[in-house]
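Since the structure comes first, as structure tokens, the remarks are kept for the end.
Chain letters run A, B, ... following the sequence lines, proteins first and then strands; every chain starts at 1.
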Amino acid sequence: MLEGLEQRWSEQWAADGTYAFDRTRPRAEVYSIDTPPPTVSGSLHVGHVFSYTHTDLIARYQRMRGKTVFYPMGWDDNGLPTERRVQNYYGVRCDPSLAYDPDFTPPEKPDPKKQVPISRPNFVELCERLVLEDEKVFEDLWRTLGLSVDWAQHYTTIGEKAQTASQRAFLRNFARGEAYLQEAPTLWDVTFQTAVAQAELEARDYPGAYHRIGFGRPGTDEGPVFVETTRPELVASVVALIAHPDDERYADLFGTTVTSPVYGVEVPVLAHPAAEMDKGAGIAMCCTFGDLTDVTWWRELDLPVRTVIGRDGRFTRETPAWLASEKASAAYGRVAGKTVFSAREETVTMLRETSEMEGDPKPTQRMANFYEKGDKPLEVVATRQWYLRNGGRDRGLRAELVGRGEEITWVPPYMKSRYDNWVGGLNGDWLISRQRFFGIPFPVWYPLDDEGQPDYAHPLMPTEAELPVDPSTDAPRGFDEAQRGKPGGFLGDPDVMDTWATSSLTPQIAGGWETDPDLFERVFPMDLCTQAHDIIRTWLFSRVVRAHHEQGVSPWSHALVSGFVVDPDRKKMSKSKGNVVVPTDILEKFGADAVRWRAATARPGLDSPFDESQMKVGRRLAMKVLNASKFVLGRVDGATTDPFAVVDPVDCALLGRLETVIRRATDAFDAYDYTTALEVTERFFWEFCDDYVELVKERSYGDDADSVTAAGTDSARATLALALDAVLRLLAPFLPYVTEEVWSWWREGSIHQHAWPKGTDLGSAAAAAPGVLEASAAALAGMRGAKSQAKASMRAELASATVRGPENLVRGAEAAARDLRASGRVTGDLTFDVDDSLTEIVVEAHLADPA
RNA sequence: GGGCGUAUAGCUCAGCGGUAGAGCACCUCGCUUACAACGAGGUGGUCGGGGGUUCGAUCCCCUCUGCGCCCA
């Protein structure tokens, strides 16, 4: 019965434009949402499905509250993940030195080990081709899940809208001095051969070994100074030994020089508080660069740069100038061109040959920085990169950005401290350039001087009207293509923007910033951004940075942060662990409504373990909605939802209860607490089915003219209809399919375009206290209990029943005496005795003898 | 080491000053004219440990411990 609803209704919604944004409405009537553009080259797991469902619950609620909802979906298709997927999928790799081949076709049988080198334009073409396929799959999934996205507002992070917005924002950042080009030590991934930003780092334990190596003290009788290092190969690039200023062991050495083992290079011994006295020998070898501490020392102690590791992660082939001596150059010849790993082995061999290493290496675990997508530790390489100011080097800006965070309502509130911690812990500006191919290029060229050397200090920029540009194929104003790379000509910036540098502008891209001012004014700043907690430091923060620089505001008023779906052992789902739950499987098995129901039970911010048995509960609810509706609609001919017909005390009590439920669900949704909204609605719905419907069933049939008045029948039918009408709307954000199906049986139009219920829909009857319902439900439960204990059928008749309890409850139940007699099948006496020694209803019942 | 969260029934979670709640699971019963992919009834907990505040603490405060995440 539930099967096929997804396809049928999602097609209907698409055809009717049910979720179309109305751009004629004023800002006050708009609710705008910034939702993460999923990485289409990646695979979705059930956690994404939950998080996007959370957004949709809010979107649907706001729409029913009368807002027109701006709910665009974007695809994050640029960047490294797509490049990697294209390499594997087509068996190619990008070689920017090659020329474009218009006739290129990818290999028929891709061999990942023998990737065919192709030009950058060819590579980008393949990327564009593949993301189209991926995006189709994603869109289908979102439609099946029932996301009420307005697909007309769609964007991609590589598309022209995104290119123009990213380049325009960059030009303005540059003009205001917020973006700048700098040659500086940069964390570098040797596998992907690109620079990596602080936000993409991941500290991991990495096995290493302490090598105890000695530095000579020429001109003294003293023995060598020993350092313990996990990276002996870097002895080739040592620039100083550094100990803590308070370390008495080395006090005498400060200001003297020592000579490096193997190479015999003379370096100073210096003091700096960043040296850790209790780590290793307490004195460290500073190399440019082994890690970020080296960068600090290099900067603060004004040390020279001695780079031996190239961008490919290998030792440079030419012998560096400071290793010019015969001894040093001979030693360097043995490591030149080697990978870090091989160079380390060779260096250890040399250290043993010269007896400058003491003992054997001692295994240790150290924390090393990794690119989150990489599996080799990052190196530090001096390169020229674009940076965007994000407060990492500016206390004032940092304070302003923390202030922007305070303008946002965080759901749950404690997620703000993640943001504050991250902003407070920044230690450098945002590195936005990447040495990759499938991304948005920097709209920048550099003039070449008479010798063909680029002048980085005076970059050439396009006007905003010329955007988007690709400096690798477009020539700057005043030049022509023939001057590319020639002395007196120009050079295009070869880098692309980091994917976050594009997706940090999603509110601007989707909202039509500078291209559609009328739209932008209606949707920006947005009302809501949603994401899981892992991207607070990246996506959330970077959007605040961009909006702060460009518009001087926080990009949204609310941030809703979802937790993760973790596996049953509470471990994070990841491909490598093989514990990923594929969303298409569960959607097929349980249906979209069931999966959405389960997602809605995961509160904002809290991780939730995946458990299939929970999906069944959602499915059962959807099924119950269908069945209960079938019953109610079989009782009410036409639309008899007239509150004035409701006169019976039990019916009034039900509406009174419903009024409270509507109020609580509305308050909860207003506070972004969709879980509580669902909880109170669902509880009401089950009570409605189990107690109320059972109580009034006989009365609603209206075929027992002797015992039931026509008014009572009308009252029950009107109440059934009123309650169903309201409860369907309360459930609509959670179960869009089944509620729409039922709605279509007796109402016009889509339930998703109808108003959220209000207490006033229920008329004055809803002012009744729900006590009668509670008391009669308890009495009914008592009768059922008696039958259950007697192991009798629920249809079994009771010869007599006595309802006892405190006065208010007994009187309440007595008001429903007729319904109780009918639903409990009491054939003989039904009496109500007040007994104030009791605190609740107790039923004493005698079964009729079986005939 | 710092920050944040969390600890309640076998499991997933509500409750957050006034005699412990739901769903799942489990047990028993029942095919009843909305529903057997169902319904009815029931079993099950010194609310992580220790202090304190209070007439009263699962709830507030302190502390310890476990777990998770983020940052060093």
Check: Base, sugar-phosphate alone, or nothing: which one does A:R619 contact when heavy atoms must sit under 4.0 Å apart?
Finding: base
### Query
Considering only the P atoms, how many Å lie between B:C64 and B:A57, rounded to the nearest integer?
23 Å
Rounded C1' spacing from B:A7 to B:G50 in Å:
16 Å
- [ ] Identify whether any heavy atom of A:V566 sits under 4.0 Å from a base atom; if not, whether one sits that close to sugar-phosphate; answer base, sugar-phosphate or nothing.
- [x] nothing
Just call it for A:W686: base, sugar-phosphate, or nothing, with non-hydrogen atoms closer than 4.0 Å on any strand.
sugar-phosphate
Sorted by chain and residue number, the side chain to side chain contact (heavy atoms under 4.5 Å, CB included) partners of A:S562 (sequence neighbours excluded) come out as A:S51, A:H54
Worksheet item: What integer number of Å spans the C1' atoms of B:U28 and B:G49?
Response: 38 Å
Distance between the C1' atoms of B:C61 and B:U54, in whole angstroms?
12 Å
message = Using a heavy-atom cut-off of 4.0 Å across all strands, would you classify A:L626 as base, sugar-phosphate, or nothing?
response = nothing
Q) Within the structure shown, what part of the strands sits under 4.0 Å from A:D607 by heavy-atom distance: base, sugar-phosphate, or nothing? A) sugar-phosphate
Open item on the list: Between B:G10 and B:U46, how far apart are the two P atoms, rounded to whole Å?
Closed with: 8 Å
So the contacted stretch of RNA chain B, first to last nucleotide with an atom under 4.0 Å from a non-hydrogen atom of chain A, runs from B:G3 to B:A72
Ranking A:S629 and A:M623 by the position along RNA chain B of their nearest nucleotide, the one closer to 5' is A:S629
Inset, instruction - Under 4.0 Å between any heavy atoms, over every strand shown, what does A:E679 touch: base, sugar-phosphate, or nothing? Just pick one. - result: sugar-phosphate
Next item on the list: For nucleotides B:U6 and B:G15, find the distance between their C1' atoms and express it as a whole number of Å.
Entry: 16 Å
Any base atoms under 4.0 Å from A:E694, or only sugar-phosphate, or nothing? Heavy atoms, all strands.
base
**Message:** For the P atoms, the ones on B:U63 and on B:A25, what distance do you get once it is rounded to whole angstrom?
**Reply:** 42 Å
Read 5' to 3' with Watson-Crick or G-U pairs under 3.5 Å, [ ] for crossing pairs and | for partners on another strand, RNA chain B gives ((((((((.[[[[.)..(..]]]].(((((.......))))).....[[[[[..)....]]]]]))))))).
(request) Taking atom C1' in both B:G23 and B:A9, compute the distance separating them and give it to the nearest angstrom. (result) 12 Å
Answer with base, sugar-phosphate or nothing: what part of the nucleic acid does A:D534 contact at a heavy-atom distance below 4.0 Å? nothing
Main chain of A:K616, side chain of A:R620: is a donor-acceptor contact present, judged purely on distance under 3.5 Å? no
